[in-house]
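When reading the values below, keep in mind they use all heavy atoms of this one structure, side chains included, and skip hydrogens, waters and symmetry mates. FYI, the numbering just counts along the sequence from 1.
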Amino acid sequence: MKLRTLSFFSPIVLVALFGATALFGQSSASSMPAAPGQPSPSRVDIFTGYSYLAPHATVKTNLPNGTTYVDRLSSINYGAIGSVAYYFNRYMGGQIEYENSPDGRNDGISTIEAGLIGRYPMSGMTPFVHGLVGAARIGGPNSAFAKHPYTWGPALTVGGGLDYALPWFNHHLSLRLFQADFEYMHADFGPQQYTGGRVNSNTARLSTGLVWHLGSIVPP
């Protein structure tokens, strides 16, 4: 990654890690009951929604005439995202997430990742942060000069968001007002002409949707 990208996102990473550490430190308070009139925090959260990807990456492909063709990954306006989070206590849990954005102008990207998630339940709202690692499937960029078939590579994600509790279904439903993530993805298409090259994508991702809450963290 470029130095300026690292310098821009380092504060985000530090805040996310600090928040997760602070929440983990409060795990001893996980047996505290919910505020009067408020439901207990959920044990499992299932999120489904819409996602927008804005990758920042280029691919350099060697052509038979000895020149190099450079093309850029495009933003992808329509994608779907889903995740399942299982909470060990009121604040900390594990998460699995899948996102698929197949219909870019000249590309398509999907990711599957797992990691830790931390939340801070409040009256009516729940902010959260998460850090995930996994794999990305990247296809493109494709043009009349070069095409790049789907290839798997590593992916890293750090970010967070805010859930707003809805009154329906006995408080088992929330609106994810936003989820904002930074993703780093890499793919190696090989040394071939027309189809080769590498991509290192610094990607911004925005998501929104619905969260279903299952079970509850009940004090012993």
Side-chain angles (χ1 to χ4, degrees), residues 1-24 44-58 73-88 91-104 107-120 126-140 150-163 174 176-188 198-211:
M1 287 184 289
K2 295 182 179 179
L3 181 59
R4 63 181 181 181
T5 302
L6 284 173
S7 62
F8 179 79
F9 284 104
S10 292
I12 298 177
V13 176
L14 291 175
V15 169
L17 292 177
F18 177 80
T21 303
L23 293 177
F24 182 77
V44 177
D45 284 352
I46 301 175
F47 167 57
T48 56
Y50 158 84
S51 65
Y52 164 81
L53 287 184
H56 180 74
T58 58
L73 291 173
S74 67
S75 61
I76 305 178
N77 296 328
Y78 302 104
I81 186 171
S83 66
V84 177
Y86 178 88
Y87 287 93
F88 315 128
Y91 304 107
M92 291 299 300
Q95 184 182 35
I96 298 175
E97 181 183 85
Y98 175 73
E99 195 274 339
N100 189 20
S101 298
D103 297 322
D107 51 19
I109 298 174
S110 61
T111 56
I112 182 167
E113 299 172 279
L116 294 176
I117 183 170
R119 66 179 175 182
Y120 192 82
T126 302
F128 67 91
V129 294
H130 62 181
L132 309 172
V133 60
R137 183 174 180 260
I138 302 176
Y150 277 98
T151 301
W152 286 95
L156 300 171
T157 296
V158 61
L162 182 65
D163 295 340
S174 291
R176 181 149 294 177
L177 296 176
F178 73 91
Q179 178 177 316
D181 296 306
F182 166 72
E183 294 185 298
Y184 172 74
M185 297 177 283
H186 170 80
D188 188 345
R198 295 181 180 181
V199 57
N200 296 293
S201 178
N202 301 315
T203 303
R205 184 179 70 187
L206 296 176
S207 309
T208 186
L210 296 175
V211 183

Completion exercise
Taken to the nearest 0.5 Å, the spacing of T208 OG1 from L177 CG works out to 7.0 Å
Handout entry: Closest non-hydrogen atom pair between D45 and V211, with its separation
Key = CB-CG1, 3.9 Å
Exercise for the section: Measure from the side-chain N and O atoms of Y98 to the backbone N and O of A80, and report whether any donor-acceptor pair falls under 3.5 Å. Expected result: no
Practice task
Determine the minimum heavy-atom distance between G159 and D181, stating which atoms define it.
Solution key: CA-OD1, 3.3 Å
Practice task
Among S101, S51, P102, find the residue that satisfies the side chain to side chain contact (heavy atoms under 4.5 Å, CB included) test when tested with I76.
Solution key: S101
Problem - Interatomic distance, N202 atom CG to Y184 atom OH [nearest 0.5 angstrom] - result: 7.0 Å
Completion exercise
Note: L132 and G115 closest approach over all heavy atoms is CD2-N, 3.5 Å
Completion exercise
Heavy atoms of W152 and I112 approach each other most closely as CZ3-CG2, 4.3 Å
Problem - Member of E97, H130, Q95 meeting the side chain to side chain contact (heavy atoms under 4.5 Å, CB included) criterion with E113 - result: E97
Exercise for the section: Answer whether the closest heavy-atom distance between the side chains of L73 and V199 falls below 4.5 Å. Expected result: yes
Practice task
Indicate whether any N or O donor in one side chain lies under 3.5 Å from an N or O acceptor in the other, for D163 and T126.
Solution key: no
Handout entry: Side chains of D188 and T151 in contact at under 4.5 Å (non-hydrogen atoms)
Key = no
Problem - Heavy atoms of other groups near R198 CZ, more than 12 under 6.0 Å - result: no
Handout entry: Distance in Å, M185 CE paired with I138 CD1, rounded so as to fall on 0.5 Å steps
Key = 5.0 Å
Fill in the blank from the handout: Interatomic distance, CZ@R176 vs CZ@F47, rounded to 0.5 Å, equals 5.0 Å
Exercise for the section: Look only at the side chain of N100 and the backbone of S110, and say whether a donor-acceptor pair between them is shorter than 3.5 Å. Expected result: no
Handout entry: Over 12 non-hydrogen atoms of neighbours within 6.0 angstrom of CG in L156
Key = yes
Completion exercise
For M92 and G118 the tightest heavy-atom approach is SD-CA, 3.8 Å
Handout entry: Sub-4.5 Å side-chain heavy-atom contact between L53 and E99
Key = yes
Problem - Any side-chain heavy-atom pair of Y78 and D103 under 4.5 Å - result: no
Practice task
Would you name the heavy atoms of I117 and F128 that are closest together and state the gap between them?
Solution key: CD1-CD1, 4.0 Å
Practice task
Enter the distance from L206:CG to Y50:OH here, rounded to the nearest 0.5 Å.
Solution key: 8.5 Å
Exercise for the section: Taking T203 for its side chain and A54 for its backbone only, find out whether a donor-acceptor pair lies under 3.5 Å. Expected result: no
Practice task
Indicate yes or no: at least one non-hydrogen side-chain atom of R205 is less than 4.5 angstrom from one of Q179.
Solution key: yes
